[in-house]
Participant: 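So that we are looking at the same thing, I have put the structure below in C-alpha cells.
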Number of protein chains: 2
Amino acid sequence: MILDRVIELRKRKRWSLQFTADQLGIAKSTYAGYESGYRRPSLEAIKCIADLFETSVDYLIGRVDTPTFPPEPERIKQLELTQFSEAELTVDGKPLSDEEINQFIAFIRSKREIERMKV
Amino acid sequence: MILDRVIELRKRKRWSLQFTADQLGIAKSTYAGYESGYRRPSLEAIKCIADLFETSVDYLIGRVDTPTFPPEPERIKQLELTQFSEAELTVDGKPLSDEEINQFIAFIRSKREIERMKV
DNA sequence: CTTAAAAGTTCGCGTAAAGCGTACACTTTG
DNA sequence: CAAAGTGTACGCTTTACGCGAACTTTTAAG
C-alpha cells in the first residue's frame, strides 16, 4: 500500500486516526499501523478503506495513478481475444459462444506455432 | 476475492495450477488455496495475480465488473466481425490479419450451415 | 485396457504477522 | 491548569498464511 496516498486521502477529509478507525470498525492502533507501514491491511481491510475513501484498491496499492472511482472510461483501440471482455463477438449478427472463440484462439495459436517451425 | 473470476482468468489462459503458481513464485498448494477459498491471498499476492492476469485488483475482489486493465475501457456491447476496423483483434497480443479473421468467419458460417442441415 | 505423468484437492504444521490494548508524548480547547 | 484529543510505538495473543506431503482425479501415451 502506498502510505502517502492513504494519508493524503484521510487528511483531505480532515479525519483523525480514531475517527477513521471507527468508520472501518477496527482499532486506532491497527489503522495507524497501516499508515505508518508498520502493518499491512488484509484484503478485506483495504477494500473497506477504498470504500471509505471512495477510491480504487488499485490506486491505494499504486497500480493506477488516478484516485477516481469508478474509473474513468477510455477509448479502446484493440480487443484481446484471450481476455474475455464484455464485448460480445458476432458474425452476421449472431453471437459467438465462448467455445467457438476458444477454438479460434487455439487455431490461431497452432497456426503461429507451425509458422514458427517452418523458419 | 471472487473465486470464479480468478478461476475463469486462469482457464482462459489454459494454465495449470502448478504453472500459475510458478509464475507467481508461490507453492501450488498456496495458489490452489486461493482458488478454493481455503486461503486468502495477501495484498502482495493479489497484486501479483492481477499483474499476471492483466486485470485490476478491484475486479478480482468484485469492486468493478470489468476485467480489463487499465481500468474500464469504453464498453463495447457488440463487435461484428464481418465489419472490420471497429477495433483491432489480437491473440496473445499479436494482431490478427484480415485473412485470418475472414477464415474464421467462413469457418463459423459453414459450421452454422451444417448445424442447420442437421435439423 | 494399462499405466505413468500431470492436474487438481485437501490437510497438519510451523511461524510470520495482524490486530488489539496500552502507554507515552504532544497539541488543542475550555 | 486540567481534560480531552491526536499521533506514535510496542508487547502479547491469536489468527491464518504459506508450505510440503499425501491423496484422488484427469489426461496422455504405449
Side-chain angles (χ1 to χ4, degrees), chain A residues 1-53 55-63 82 84 98-99 101-103 105-107 109-111 113-114 117, chain B residues 1-53 55 57-63 92:
Chain A
M1 193 165 60
I2 311 289
L3 308 182
D4 297 342
R5 293 190 175 177
V6 203
I7 297 171
E8 169 78 17
L9 287 166
R10 179 173 62 84
K11 296 233 156 132
R12 209 169 268 277
K13 299 220 178 204
R14 319 227 161 159
W15 289 350
S16 69
L17 292 174
Q18 183 69 68
F19 179 80
T20 308
D22 289 345
Q23 297 283 312
L24 296 169
I26 61 178
K28 177 180 72 164
S29 62
T30 300
Y31 180 76
Y34 299 159
E35 282 198 2
S36 69
Y38 179 68
R39 291 263 185 269
R40 297 189 176 189
S42 67
L43 210 49
E44 197 55 43
I46 203 170
K47 182 177 171 177
C48 293
I49 294 172
D51 285 340
L52 188 63
F53 291 131
T55 189
S56 70
V57 173
D58 289 280
Y59 176 73
L60 292 178
I61 65 178
R63 292 187 82 237
T82 59
F84 74 111
D98 287 353
E99 176 77 328
I101 294 171
N102 280 333
Q103 281 177 5
I105 291 168
F107 166 69
R109 279 177 172 160
S110 56
K111 184 165 169 292
E113 185 62 21
I114 291 167
M117 301 291 271
Chain B
M1 192 166 61
I2 312 288
L3 309 182
D4 296 342
R5 293 190 175 177
V6 202
I7 296 170
E8 172 76 18
L9 286 165
R10 179 174 61 84
K11 298 233 157 134
R12 280 272 158 181
K13 301 223 178 204
R14 321 237 153 134
W15 290 351
S16 69
L17 293 173
Q18 184 69 67
F19 179 80
T20 309
D22 289 345
Q23 297 282 312
L24 295 169
I26 60 179
K28 177 179 73 163
S29 61
T30 300
Y31 181 77
Y34 300 157
E35 283 197 1
S36 70
Y38 179 69
R39 290 268 185 265
R40 300 192 175 183
S42 68
L43 210 48
E44 196 55 41
I46 204 171
K47 183 177 170 177
C48 293
I49 294 172
D51 284 340
L52 187 63
F53 291 131
T55 188
V57 173
D58 289 280
Y59 175 74
L60 292 178
I61 65 178
R63 291 187 81 237
D92 301 325

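A note on names: the letters A, B, ... follow the listed sequences, proteins ahead of strands, and every chain is numbered from 1.
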Participant: With a cut-off of 6.0 Å (strictly less than), are more than 12 heavy atoms of other residues, nucleotides or ligands near CZ of B:R63?
Facilitator: yes

Participant: Considering all heavy atoms of both residues, which atom of A:I46 and which atom of A:P41 are nearest to each other, and what is their separation?
Facilitator: N-CB, 4.1 Å

Participant: Taking atom C1' of D:dT24 as reference, at what distance in whole Å does atom NZ of B:K28 sit?
Facilitator: 11 Å

Participant: With a 4.0 Å cutoff (strictly under), does any side-chain N or O of B:S42 reach OP1 or OP2 of D:dG18?
Facilitator: yes

Participant: So A:V57 and A:L43, do their side chains get closer than 4.5 Å, heavy atoms only?
Facilitator: no

Participant: Taking atom CZ of A:R5 as the centre, report whether more than 12 heavy atoms of other residues, nucleotides or ligands fall under 6.0 Å from it.
Facilitator: yes

Participant: Compare all side-chain heavy atoms of B:L60 with those of B:L9 and state whether any distance is below 4.5 angstrom.
Facilitator: yes

Participant: Within residues 7-24 of chain A, find the residues that approach DNA chain C with a heavy atom at under 4.0 Å, and present them sorted by residue number.
Facilitator: none

Participant: From D:dG20, D:dC17, C:dC20, pick the nucleotide closest to the side chain of A:T30?
Facilitator: C:dC20

Participant: Measuring from the side chain of B:Y38 (C-beta onward, heavy atoms only), which nucleotide among C:dG12, C:dA18, D:dC17 has the closest atom?
Facilitator: C:dG12

Participant: Kindly calculate the angle separating the two end axes of the helix from C:dC1-D:dG30 to C:dG30-D:dC1, each obtained from five base pairs, and round it to 10 degrees.
Facilitator: 40°

Participant: What is the distance from OH of B:Y31 to P of C:dT9, rounded to the nearest Å?
Facilitator: 11 Å

Participant: Between A:R39 (CZ) and D:dG11 (P), how many Å, whole number?
Facilitator: 11 Å

Participant: Would you call A:F19 and A:K13 a side-chain contact if the rule is heavy atoms closer than 4.5 Å?
Facilitator: no

Participant: Could you give the CD-to-P distance, from B:E44 to C:dA17, as a whole number of Å?
Facilitator: 12 Å

Participant: Of the candidate nucleotides C:dG8, C:dC20, D:dC19, which contains the atom at the shortest distance from the side chain of B:I26?
Facilitator: D:dC19

Participant: So, for A:K28 and A:L17, which heavy atoms are closest and what is the spacing to 0.1 Å?
Facilitator: CG-CB, 4.1 Å

Participant: Quick one: the side chain of A:S29 and the base of C:dG21, do they pair up donor-acceptor inside 3.5 Å?
Facilitator: yes

Participant: If we only count heavy atoms from C-beta on, is the A:Y34 to A:V6 side-chain gap below 4.5 Å?
Facilitator: no

Participant: Roughly how many Å is it from CD1 in B:I46 to C1' in D:dC17, rounded to a whole number?
Facilitator: 14 Å

Participant: Could you check if a side-chain atom of A:D22 sits within less than 4.5 angstrom of a side-chain atom of A:W15, using non-hydrogen atoms only?
Facilitator: no

Participant: Give a yes/no answer on whether the side chain of A:Y34 brings an N or O atom under 4.0 Å of OP1 or OP2 in C:dG19.
Facilitator: yes

Participant: Nearest whole Å is fine: how far is D:dT8 P from A:E35 CD?
Facilitator: 8 Å

